[in-house]
Protein chains: 2
Amino acid sequence: MPFPPKTNSDAIVNTAAALVQTDGLAALSMRTLALRLGVRASSLYRHFPDRAAIETALAERAANQIAMAMESAAAETDGERALFNAARKYLDYAASNPALYSLLMATNDSVSRPVWELLLRLVSQATNSPLDEAGATAFWSFLHGFVALEQKGHLGPSPSKLTFVRGTQALVRGLSGAKSAATT
Amino acid sequence: MPFPPKTNSDAIVNTAAALVQTDGLAALSMRTLALRLGVRASSLYRHFPDRAAIETALAERAANQIAMAMESAAAETDGERALFNAARKYLDYAASNPALYSLLMATNDSVSRPVWELLLRLVSQATNSPLDEAGATAFWSFLHGFVALEQKGHLGPSPSKLTFVRGTQALVRGLSGAKSAATT
DNA sequence: GTCTATAAAATGATAGAC
DNA sequence: GTCTATCATTTTATAGAC
């Protein structure tokens, strides 16, 4: 065999993730990616139709990783506590993988669905609702907004963790409270 | 004069804003921008040192516009009501100028300061605090997160305005409540 | 499945004339 | 202050040999 396989889809996605992680999304070109894999850029097209497909695979990977991290953190407890723990993992993932997180949220596909599904479940449990879509929307908005503002430096010097905790508690209490008040 | 002035900094920024507004940020190149202005690309460098400077000017423009819109909306009332009205204008601006809003939030400079200052003031008034930085952070996080998630389609079919209102109310009530509770 | 070679197209930016 | 001309670079993607 003159040209034995040197790479595969998984290796490509893994290497792409590492590349994006260290050098940012802008550094992800077919050339540089191929270089790290020890192949030529044209070889990548045997595994992915185009660059966009690689980005989508990366976003899916990020969505699954963040959802899994939240899931296992939430599984240890339940109710409000489970939601808090999951939220903390969400923040941790975004802080540890800023470029991948950014890519995930920039992808307009429905690739972030696992995150939505999980948040919907956790928020509903925390607010004692059957399906609190409005609450989940508000909570996710707060989470993502906090991450995005902090990552871009709009919040000035990094806010303390207490700032995040206070916001989280206020929102959850507000969501539960409004619900009870409306029901009562 | 063989080469009379054909453009100036203001015209460049105005045209750039219109271009980004209609065709997106990716369409903003020195060539296309110059074309719309009826000059050559190289002429732009007499007014701005590079492309980044034009983007910064656009972001500043967006920050001022959104802050002014919020300001005047808030001025009509005060307290919680003023904050709600301002938040609504924030959403309106982002909806009407998605690309400019996106550019503003993607700019990591301290160009968004006018927005922060205003929100800090309005949130503090709404929660009866002298300087509620944690509250302002939480509120801005919620606002921006909501806009970003919606713009990227992560929330599925557009959430109703009620969804936004409920989140806003829950957050403000939660922030005020937590404060009183902590104080008491 | 990988390679070489290349197409085809953008882009930001500069030099120097007028 | 604007022009022409051009540089220098980068990018995605394809054709065809092996």
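Within every chain, numbering begins at 1; the chains are lettered A, B, ... in the order of the sequence lines, protein sequences first and strands thereafter.
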**Asked** Which parts of residues 38-49 of chain A get close to DNA chain D, meaning a heavy atom less than 4.0 angstrom away?
**Response** Ser42(A), Tyr45(A)

**Prompt:** With sequence neighbours excluded, what pairs up with Thr77(B) under the side-chain contact (heavy atoms from CB on, under 4.5 Å) test?
**Reply:** Arg81(B), Ala82(B), Asn85(B)

Would you mind writing out the side-chain donor-acceptor pairs for residues 114-122 of chain A within the sub-3.5 Å range, not counting sequence neighbours?
{"from": "Arg121(A)", "atom 1": "NH2", "to": "Glu71(A)", "atom 2": "OE1", "distance (Å)": "3.4"}
{"from": "Arg121(A)", "atom 1": "NH2", "to": "Glu71(A)", "atom 2": "OE2", "distance (Å)": "2.9"}

**Axis bend over the full length of the helix from dG1(C)-dC18(D) to dC18(C)-dG1(D), computed from five pairs that close each end, to 10 degrees** = 0°

**Hydrophobic cluster membership, Leu83(B) vs Val165(B), 4.5 Å side-chain cutoff** = no

**Request:** Quickly work out the Ile12(A) CD1 to dG1(C) C1' distance and round it to whole Å.
**Result:** 11 Å

**Message:** What's the closest nucleotide to the side chain of Asp50(B) if the choices are dG1(C), dA13(C), dT11(C)?
**Reply:** dA13(C)

**Asked** Between atom CG in Leu35(B) and atom P in dT11(C), what is the gap in whole Å?
**Response** 11 Å

**Partner residues of Asn8(A) under the side-chain contact (heavy atoms from CB on, under 4.5 Å) criterion, sequence neighbours left out** = Asp10(A), Ala11(A)

**Request:** Using atom CG of Leu37(B) as one end and atom C1' of dC3(D) as the other, report the distance to the nearest whole Å.
**Result:** 15 Å

**Message:** Checking Ser112(A) now: which residues fulfil side-chain contact (heavy atoms from CB on, under 4.5 Å) with it, not counting sequence neighbours?
**Reply:** Leu104(A), Trp140(A), His154(B)

**Rounded distance (Å) that lies between atom C1' of dT14(C) and atom CZ of Arg51(B)** = 18 Å

Donor-acceptor contacts, no H, no angles, side chain residues 18-29 of chain B, under 3.5 Å, sequence neighbours left out:
{"from": "Gln21(B)", "atom 1": "NE2", "to": "Ser96(B)", "atom 2": "O", "distance (Å)": "2.9"}
{"from": "Gln21(B)", "atom 1": "NE2", "to": "Asn97(B)", "atom 2": "OD1", "distance (Å)": "3.3"}
{"from": "Thr22(B)", "atom 1": "OG1", "to": "Ala18(B)", "atom 2": "O", "distance (Å)": "3.1"}
{"from": "Thr22(B)", "atom 1": "OG1", "to": "Leu19(B)", "atom 2": "O", "distance (Å)": "3.2"}
{"from": "Asp23(B)", "atom 1": "OD2", "to": "Arg36(B)", "atom 2": "NH2", "distance (Å)": "3.3"}
{"from": "Ser29(B)", "atom 1": "OG", "to": "Thr32(B)", "atom 2": "N", "distance (Å)": "3.2"}
{"from": "Ser29(B)", "atom 1": "OG", "to": "Thr32(B)", "atom 2": "OG1", "distance (Å)": "3.1"}

**Prompt:** Which residues satisfy the side-chain contact (heavy atoms from CB on, under 4.5 Å) test with Ser9(A), sequence neighbours excluded?
**Reply:** His47(A), Phe48(A)

**Prompt:** Taking only residues two or more places apart in sequence, or in another chain, which ones meet Glu80(A) in a side chain to side chain donor-acceptor pair (under 3.5 Å)?
**Reply:** Arg173(A)

**Prompt:** Please give, in whole Å, the distance from dC3(C) C1' to Met30(A) CE?
**Reply:** 16 Å

**Fill in**
In whole angstroms, the gap separating P of dT11(D) from CG of Leu33(A) amounts to 12 Å

